[in-house]
Amino acid sequence: MNNEHTIEIKMLTPLWTGGVDGKCDRLHETGIIGSMRWWYEAIVRALDGYTCDPTSKDHCELSGKEKTEEERRKKLCPACWLFGCGGWKRRFRLDVLASSTEPFSLSSLFYKNQRNQEEFNRWWLKQVFNKNLNDNLPIGDVKFSIQPSAGNEEIILGQVKALISAMAQLGALGAKAQYGFGQFERAERQSIQDVLCAINDFVKAGGFLTKENDAGWYSLENYWLYELSLPTSNPQVKRFEGAKLIGSTQKPLTYLPVSFDIRYKLPGRNNLGLRQAYRQSHTKEQTRKVFGTLTGEKQGSRVFVSHLFKQQKDEENYYLRVWGFTEDIVRAFLGEELKRIFGLETMPGIKFSGAELIRGIKQGGCA
Ligand SMILES: [Zn+2]
């Protein structure tokens with residue numbers, strides 16, 4: 001029996017997958033699965049379900065002695081049930097096919113700071129991405145083939161489809177979402193309320209392991225999203241002259257600011273990006289807590305900034321999405337900074353607030 005199901009999506013910014021196999025454009029799905037599990041965990045936690053940290057010692061595991069589905073679920077969190085863990089396989093097979101890829105390159109406006117050091121973004125980009133130069137990254141149409149395991153096919157597919165709809169609206173797909181990659185659009189998507197209801201129903205009725213979530217874990221409870229629509233007349237959205245392609249002697253190019261610029265520093269004197277602006281009134285530790293760090297004990301970023309992108313090629317405006325999992329005070333600070341950076345008249349409105357979405361579900365918003 002062929003029980004394969006297809007989901008078609010469109011990558012609006014490149015998908016970071018950790019490479020493409022040869023020429024057939026079949027993608028390594030590890031980074032994609034990792035991002036799916038990450039979002040599923042954040043949603044389940046906000047719906048009062050428990051999901052373990054799969055990298056900790058205290059993650060779920062089956063011994064193999066469990067005889068029934070009921071016994072297994074008592075030992076598994078919903079994320080481990082769907083995505084697998086020690087002694088339990090992932091409930092679906094995923095194949096991802098990209099119809100087009102583009103080589104990844106780094107470019108940066110070349111100028112020096114006050115201390116005559118090489119411009120910060122350029123230095124930083126080299127540190128983080130040098131090894132990835134000329135990797136091929138998928139952009140445009142991407143096809144997911146999902147094959148659920150036998151038994152519970154409907155449930156598995158329902159959860160995976162809901163999850164992908166959620167990610168299209170709230171976040172991104174694949175790795176390095178904090179640096180602008182993985183924005184995508186799903187044509188046949190469910191509303192965010194329907195998505196959360198589908199996951200809520202499954203988690204509540206599932207008979208899964210119950211434990212306390214760690215307060216520091218990512219949860220949709222403190223999620224927020226700003227979405228800016230920026231005309232090309234905006235002084236920060238224009239193409240800047242004189243960018244150098246890193247690792248190449250090619251002539252300078254014109255350059256549209258990307259996620260890194262908006263996070264760190266934009267072209268022009270003293271035009272601080274979000275992180276640097278935050279750092280001016282906060283300690284190094286506080287800044288690392290919000291924006292992450294690669295030094296010492298690694299910390300993931302709690303703020304994510306897309307590249308500038310268009311939903312349709314012939315569209316006039318660019319979009320920018322900035323989202324986070326932070327306290328309200330941090331969200332408000334970053335909203336004010338976006339207003340400053342892009343010269344907006346008012347602070348951008350919040351497109352989605354996790355707390356509000358969850359309140360709606362808890363107050364009986366599901367049919
Ligand atoms: Zn688990």
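Atoms within a ligand are numbered from 1 in the order they appear, just like the ligands themselves. For reference, positions follow the sequence shown, starting with 1.
At a cut-off of 2.8 Å, measuring from the Zn ion (ligand 1), the protein N, O or S atoms that fall short of it are Cys52 SG, Cys60 SG, Cys77 SG, Cys80 SG, waters left aside.
When ring centroids are compared, His307 and Phe260 come within the 6.0 Å threshold.
Using bins of under 30°, 30° to 60° and over 60° for the plane-to-plane angle, the ring pair Trp39/Tyr223 lands in the perpendicular bin. Note on ring orientation: taking the six-membered ring where Trp is involved, the planes of Phe325 and Trp38 are perpendicular (angle over 60°, cut-offs 30° and 60°).
Test Arg73, Arg72, Lys74, Lys75 against Glu66 for salt bridge (Lys or Arg N to Asp or Glu O under 4.0 Å) and you get one pass: Lys75.
Under the 6.0 Å distance and 45° angle rule, Arg91 counts as a cation-pi partner of Trp88.
The SG atoms of Cys85 and Cys60 are placed at least 2.5 angstrom from each other.
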